[in-house]
Number of protein chains: 2
Amino acid sequence: MGQSVTARVLRVLAAFSAERPELMLTEIGRRAELPLTTAHRIVGELTEWGALERAADGRYRIGLRLWEVGALAPRGLGLRESAMPFLEDLYAVTKQNVQLAVLDGNEVVYLERLSGRGAVHVFTRVGGRLPLHATGVGLVLLAFATPELQEQVLASPLKRYTSKTICHPDELRRALAEVRRTGVAVSEGQIELVSLSVAAPVRGPDGDVVAALSVVVPAGSADARAYVPVVLTAARGISRVLGCPD
Amino acid sequence: MGQSVTARVLRVLAAFSAERPELMLTEIGRRAELPLTTAHRIVGELTEWGALERAADGRYRIGLRLWEVGALAPRGLGLRESAMPFLEDLYAVTKQNVQLAVLDGNEVVYLERLSGRGAVHVFTRVGGRLPLHATGVGLVLLAFATPELQEQVLASPLKRYTSKTICHPDELRRALAEVRRTGVAVSEGQIELVSLSVAAPVRGPDGDVVAALSVVVPAGSADARAYVPVVLTAARGISRVLGCPD
DNA sequence: CCTCGGCCTTCCACTGGCCGGAAGCCGAGT
DNA sequence: ACTCGGCTTCCGGCCAGTGGAAGGCCGAGG
């Protein structure tokens, strides 16, 4: 099963990560758990097609061709394309970090981030994943997710990241109810200790939540709630462009 | 050779395009020139891994997981990450279309585009490809490319897109020399009839050109050359962040 | 200078995973 | 109820993929 060629090809691709975006053939073989010879052949074919590229020093990295194909993901580029103008406006007005994320499995995946030069530095990275309970966008996405997913997350251990991280199921349940009631998540404590985030849901053509939008502001700044109206407005704007009835 | 499983997997991925980002199994089989059964199995494995997703109507599309891997392309995300703040500034100042592109093979690949709501509508698309001779960024990238590539392009037929497209080798040769002399390409006639573009090179750690940056302005507006200083400044700013000596 | 070690590449005989025809399933259109 | 188009499952033959082994390359260290 883990022996099919297709699976091996995917394991080769999965060998690359944000921490190690350039690998030697040997490393690919080790990470993908493939014999060197097999890795060599697969990598060769991937390179020929453009899914991988060789750097000047002979190491391999993800190629532009794969980036292009990945850009076709409707939940990637499509969403991003529609949302971009609103994110730019939001950034222009607030000069803070603006983020767009979607739900995948039981995690948040960040699609886009506009970060001001002067704004708080955040750990998130475009293409990165974080657990649902620890971020503003995660709370929003979870609040409007299927009951099954909510139960699954509530039943699983909630890892603590900061002193403000929601770690208890009851606490999380209350937070989710609050999000559903108000339509926004004003969550204290992102991954960073010194930031607040204001997040709101983005809805698709069927009226269901397809993404979440957030602004991350320094904890020291003015009342975070002051950002609620602009964030909500931007989120509704994107929803409208996506064809949300409402 | 075109029979290896790896190649077939890639053909399945290549079946998706910007025009048709969602496909039925049968269509994938037809486009990838694979028997239905084979397509079925490969698509199944890709879906299980997350490289593909199934839409509500059962059609397949590129999955988030593949988007994530694609985002690891150093010439994709890495460049983009460094350039973003400068693109935002450039956009804020000009309120025109701002584009970032790299050279791949003998084509331009667009990495990023910030398009003003009011700005000229351009055909380019993030992840899209265009020939080198027909765009501002293309001229810049070609001007600093290897002599071999320049010869290759000069020797190939130059397709006409608008009345202003550079179609003659001599004309192109002169344009390239001008770009090398001034360090910027002010090209009349993009793909659109009514736009001008100002493009400048972005240099990497070794001092070689790794990308190009451009602003596309409506032909009717003020002198396009007025944009040269800001574009050059932004391009140099990105180069500096990338570690260009200079 | 030679040797050693790490990495990459090529070669080739064996074998087990892939191929694809065929048959069955499902839902929509008539 | 029948048909048609698309999807899924099944299974035997066979060939493409596998991976051990050997050789080439380069840089470090003796």
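Below, chain A is the first sequence line, B the second, and so on; all start at residue 1. Basis for what follows: all heavy atoms, side chains included, without hydrogens, waters or symmetry-related copies.
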So, OP1 or OP2 of dA16(D): does either fall under 4.0 Å of a side-chain N or O from Arg41(A)?
no
Residues in side chain to side chain contact (heavy atoms under 4.5 Å, CB included) with Thr37(A), at least two apart?
none
Reading 5' to 3' through nucleotides 20-28 of chain D, protein heavy-atom contacts under 4.0 Å coded B for base, S for sugar-phosphate only, - for none
BB-------
Distance, rounded to the nearest Å, where Arg8(A) contributes CZ and dG17(D) contributes C1'
8 Å
At under 4.0 Å, does any side-chain N or O of Arg59(A) touch on OP1 or OP2 of dC8(C)?
no
Just to verify, which of Leu79(A), Leu114(A), Leu100(A) counts as forming a side-chain contact (heavy atoms from CB on, under 4.5 Å) with Met84(A)?
Leu114(A)
Please determine whether a side-chain nitrogen or oxygen atom of Ser4(B) lies at a distance below 4.0 Å from atom OP1 or OP2 of dA16(D).
no
Let me spell it out: for each of His40(A) and Val5(A), pick the nucleotide of DNA chain C with the closest heavy atom. Which residue's pick is nearer the 5' end?
His40(A)
Of Thr6(B) and Tyr60(B), whose nearest nucleotide on DNA chain D comes first from the 5' end?
Tyr60(B)
Quick one: CG on Leu52(B) to CZ on Arg59(B), what's the gap to the nearest 0.5 Å?
14.0 Å
Rounded to whole angstroms, how far apart are CD on Glu33(B) and P on dG20(C)?
13 Å
Dump every N/O contact between nucleotides 12-15 of chain D and the protein below 3.5 Å, one line per pair.
none

Salt bridge (Lys or Arg N to Asp or Glu O under 4.0 Å) partners for Arg61(B), two or more places apart:
Glu22(B), Glu53(B)
Without decimals, in angstroms, what is the distance between Glu45(A) CD and dG17(D) P?
7 Å
Checking Arg20(A) now: which residues fulfil salt bridge (Lys or Arg N to Asp or Glu O under 4.0 Å) with it, not counting sequence neighbours?
Glu27(A)
What is the distance from CZ of Arg54(B) to C1' of dG6(D), rounded to the nearest Å?
11 Å
Among residues 20-30 of chain B, which contact DNA chain C at a heavy-atom distance under 4.0 Å?
none
Of all pairs that satisfy salt bridge (charged side-chain N to carboxylate O under 4.0 Å, His left out), the ones with a partner from residues 231-240 of chain A, not counting sequence neighbours:
Arg236(A)-Asp246(A)
Given atom CG of Leu36(A) and atom P of dC11(C), what is their separation to the nearest angstrom?
16 Å
Under the side chain to side chain contact (heavy atoms under 4.5 Å, CB included) test, residues paired with Thr6(A) that sit two or more places apart
Ser4(A), Leu10(A), Val5(B), Val9(B), Ile42(B), Glu45(B), Leu46(B)
Between atom CG in Leu46(B) and atom P in dC18(C), what is the gap in whole Å?
13 Å
With sequence neighbours excluded, tell me which residues meet side chain to side chain contact (heavy atoms under 4.5 Å, CB included) with Gln152(B).
Asn106(B), Leu149(B)
Using the side chain to side chain contact (heavy atoms under 4.5 Å, CB included) criterion, which residues pair with Glu19(B)? Sequence neighbours excluded.
Ser17(B)
Just jot down the side chain to side chain donor-acceptor pair (under 3.5 Å) partners of Arg80(A), sequence neighbours excluded, or say none.
Glu112(A), Glu112(B)
Residues passing the salt bridge (Lys or Arg N to Asp or Glu O under 4.0 Å) test with Glu178(A), sequence neighbours excluded, are Arg181(A)
